[in-house]
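In listed order, ligands and their atoms are each counted from 1.
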Amino acid sequence: MPQPHLRTVVVLAAGEGKRMKSALPKVLHPLLGRTLLGHVLTAAAPLAADRTVVVVGHGAERVRAHLSEIAPDATPVLQAQQLGTGHAVRIALEAVPEASGTVVVINGDVPLLRAETVAALVAAHEGEGAAATVLAAEVPDPTGLGRIVRDAAGRLEQIVEERDATPAQRALREINAGIYAFDVARLRDALGKLSTDNDQGEEYLTDVFGLLGSAGEPVAVHVAADHTETLGCNDRVELAGLRKLLRDRVNAAWMRTGVSILDPDTTWIDVTATVERDAVIDQNTQLRGSTVVGAEAVVGPDVTLIDTVVGAAATVLRSHAVGAEVGPGASVGPYAYLRPAARLAEKAKVGTFVEVKNSEVGAGAKVPHLSYVGDATIGAKANIGAATIFVNYDGVDKHRTTVGEAAFVGCDTSLIAPVEVGAGAYVAAGSAITQDVPPGALGVTRAPQRNIQGWVARRRAGTASAAAAERAQRGAEGASGAAAAASEGEPIHEGTETVGGPSRTGDTATE
Ligand code: UD1
Ligand code: MG
């Protein structure tokens with residue numbers, strides 16, 4: 001029967017990570033949706049420890065601030081000087097005098113560690129009643145890592161750091177992953193006996209195994225099934241390698257749930273994103289943060305979605321979205337930019353070179369080309385013509401524009417907020433709208449058109465334009481008398497005012 005215990009997790013995160021060559025503490029570097037530290041804490045979370053202690057040192061303030069966001073229940077403990085992993089654990093345990101039973105210790109720089117592996121380590125450790133159990137792995141290249149030294153019977157004898165190892169020990173490829181389970185009472189006892197008699201003059205946590213073993217306490221090795229889980233991160237080349245491994249793991253998991261990923265090598269899905277069944281993710285796509293892609297949606301190629309929700313069967317093509325919502329069956333792009341609180345209802349369309357911010361685009365409404373939609377509410381089935389600008393900013397404040405259901409806004413229109421275009425209203429192309437347009441009305445602010453007859457012949461004589469105009473006029477004179485008579489009847493002369501009626505504006509809008 002499992003014994004009741006207060007389980008404790010200690011994460012070691014005080015080191016500088018010198019080889020990262022970074023102002024950012026190593027454990028705060030991001031990796032597909034979480035920091036290195038965030039990944040480690042996530043792997044430990046299912047243990048449901050009573051206490052989680054994080055040893056901080058280098059960049060302590062930033063690490064503490066991050067912890068308060070991602071794991072407010074964790075206790076940061078300061079290790080002012082990095083005197084070794086044994087010293088770090090000793091300080092951590094001082095903060096949890098009540099701890100009993102099992103303590104799990106995890107290096108803060110092993111982000112690919114899986115929760116199942118930590119759970120299996122703890123189960124093996126508690127099952128065997130060991131004083132200490134180390135997670136080990138057989139790796140192709142053990143350079144720089146502590147080696148697992150076993151006796152002739154295969155029992156753990158000691159863990160030796162590479163720099164303290166004999167040539168024979170260096171040849172071993174079974175390494176210490178930096179993840180352990182200990183009986184806390186026996187760990188405390190052994191930590192009190194650590195020496196600094198090694199190449200770095202540090203207190204090594206790993207020496208606890210030799211100490212306990214030679215005192216006759218049972219020490220054990222638990223071998224990880226997948227050695228990639230134990231890979232640490234010491235420089236940015238390793239970080240990039242871990243990123244690829246995690247990408248492949250995440251992509252494989254989504255494909256197994258029924259998601260199509262057309263080019264897994266160029267698809268980067270944060271561990272925090274979700275993709276539903278039969279979604280298709282085309283190449284060169286990033287799904288970041290809390291992004292959700294709905295069933296049968298098609299996303300990509302060349303799409304970045306950050307904290308964005310894409311509804312079922314929507315399509316997003318060559319676009320960038322942050323904090324946006326794309327409704328079911330909606331269509332985005334190519335080349336759209338959705339900014340925070342852009343909300344597209346069902347079957348809405350936001351097309352090419354369109355930017356949308358803090359706006360609702362109603363069900364079935366269309367903003368097909370070259371527009372800016374800021375601080376707007378666009379009703380269902382409205383059509384916003386090409387190059388419409390929702391002028392939301394007066395230099396001091398932002399204002400909202402409302403376009404009613406099934407309204408029709410002609411091309412190259414400025415809607416100068418605050419303003420409302422009523423349901424079913426039309427706005428003539430090229431208008432600058434500053435007053436509300438009532439439902440069903442046509443709003444038009446265009447300057448009257450003047451045609452100055454014969455201007456090209458007078459002012460641009462001898463040009464290709466003048467020659468073309470002359471040919472056209474000769475052709476027209478040669479045409480039937482009836483047609484000529486009709487053309488004379490046109491009220492288009494210098495100084496004559498004409499206003500485009502609905503039939504004319506309809507011509508100039510786009511679909
Ligand atoms: C350590 C192990 C090594 C193992 C390797 C796995 C020891 C002595 N060696 O070596 O056997 O193969 O991890 O990656 O433990 N830290 C502190 N305070 C300190 C020193 C370190 O918090 O005073 C933290 C670091 O931030 C890091 C972790 O402990 O997260 C491991 O430290 P690191 O210096 O990377 O140890 P390694 O040399 O990699
Ligand atoms: Mg390390």
Side-chain angles (χ1 to χ4, degrees), residues 9-20 22 24-29 35-41 43-44 53-60 62-64 67 76-93 95 105-113 132 134-139 141-149 156 158-165 169-170 172-180 182 187 190-191 194-211 221 224 227-235 238-239 242:
V9 168
V10 173
V11 177
L12 304 185
E16 181 181 4
K18 272 198 195 74
R19 284 173 284 163
M20 296 295 284
S22 178
L24 191 65
K26 173 163 84 176
V27 293
L28 298 191
H29 277 259
T35 58
L36 301 185
L37 181 56
H39 282 289
V40 167
L41 289 169
V53 179
V54 179
V55 181
V56 299
H58 275 280
R62 291 175 83 169
V63 179
R64 273 180 207 269
L67 266 181
V77 168
L78 182 69
Q79 185 194 26
Q81 271 186 296
Q82 284 66 59
L83 303 177
T85 48
H87 179 254
V89 174
R90 195 146 62 76
I91 289 185
L93 293 184
V105 177
I106 309 180
N107 284 0
D109 63 352
V110 280
L112 300 195
L113 181 65
V134 57
L135 185 72
E138 186 90 30
V139 295
D141 177 13
T143 306
L145 296 167
R147 307 296 204 276
I148 303 291
V149 181
L156 175 62
Q158 57 171 331
I159 301 172
V160 182
E161 292 309 294
E162 179 168 275
R163 54 210 306 166
D164 303 306
Q169 289 169 335
R170 277 186 202 205
L172 298 169
R173 287 193 301 114
E174 190 179 26
I175 58 89
N176 164 24
I179 298 143
Y180 322 83
F182 298 100
L187 174 61
L191 286 171
L194 287 181
S195 82
T196 53
D197 183 16
N198 53 54
D199 188 60
Q200 297 193 92
E202 290 185 351
E203 291 179 38
Y204 286 168
L205 176 61
T206 44
D207 285 348
V208 162
F209 285 84
L211 283 169
V221 181
H227 80 84
T228 65
E229 281 186 52
T230 68
L231 292 172
C233 177
N234 294 302
D235 63 26
E238 287 180 2
L239 180 60
L242 296 178

To the nearest 0.5 Å, what is the distance between [atom1] ([X]) and [atom2] ([Y])?
X      : Y      : atom1 : atom2 : answer
Ile106 : Leu113 : CD1   : CG    : 5.5 Å
Leu191 : Leu205 : CG    : CG    : 6.5 Å
Leu156 : Phe209 : CG    : CZ    : 6.5 Å
Lys18  : Asn234 : NZ    : CG    : 11.5 Å

Worksheet item: What do we get for Ala88 next to ligand 1 when only non-hydrogen atoms under 4.0 Å count, side chain, backbone, both or neither?
Response: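 The part of Ala88 near ligand 1 is the side chain, not the backbone.
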Discussion item. Heavy-atom pairs closer than 4.0 Å: do any link ligand 1 to the side chain of Leu83, the backbone, both, or neither?
Written reply: backbone
Can a protein heavy atom be found under 4.0 Å away from [atom]?
atom                    : answer
atom 11 (O) of ligand 1 : yes
atom 37 (P) of ligand 1 : no
atom 29 (O) of ligand 1 : yes
atom 23 (O) of ligand 1 : yes

Fill in: Proximity flag Gly232 to ligand 1, non-hydrogen atoms under 4.0 Å
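Contact absent.
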Worksheet item: Would you call Gly57 a ligand 1 contact, heavy-atom distance under 4.0 Å?
Response: no
N/O donor-acceptor pair under 3.5 Å between [X] side chain and [Y] backbone:
X      : Y      : result
Asp109 : Gly232 : no
Lys26  : Leu36  : no
Arg173 : Glu138 : no
Arg147 : Arg170 : yes
Asn198 : Glu202 : yes

For [atom], what's the nearest protein heavy-atom neighbour? Residue, atom name and distance, please.
atom                    : result
atom 26 (O) of ligand 1 : Gly15 N, 2.7 Å
atom 27 (C) of ligand 1 : Leu12 O, 3.8 Å
atom 32 (O) of ligand 1 : Thr85 CG2, 3.9 Å
atom 39 (O) of ligand 1 : Asn234 OD1, 4.6 Å
atom 4 (C) of ligand 1  : Asn176 O, 3.2 Å
atom 17 (C) of ligand 1 : Gln79 OE1, 3.6 Å
atom 13 (O) of ligand 1 : Asn107 ND2, 2.9 Å
atom 35 (O) of ligand 1 : Asp109 OD2, 3.7 Å

Worksheet item: Out of Gln200, Glu161, Lys18, whose heavy atom is nearest to atom 9 (N) of ligand 1?
Response: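 Among Gln200, Glu161, Lys18, the closest heavy atom to atom 9 (N) of ligand 1 belongs to Glu161.
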Discussion item. Would you say CG of Asp199 has more than 12 non-hydrogen atoms from neighbouring residues, nucleotides or ligands within 6.0 angstrom?
Written reply: yes
Discussion item. Tell me whether Val110 has any N or O atom under 3.5 angstrom from an N or O of ligand 1.
Written reply: no
Practice prompt. Any chance you could lay out the side chain to side chain contact (heavy atoms under 4.5 Å, CB included) test for Gln82 and Glu16, step after step, and finish with the verdict?
Written response: CA-CA 9 Å; Gln82 284 66 59; Glu16 181 181 4; over 6 Å; no
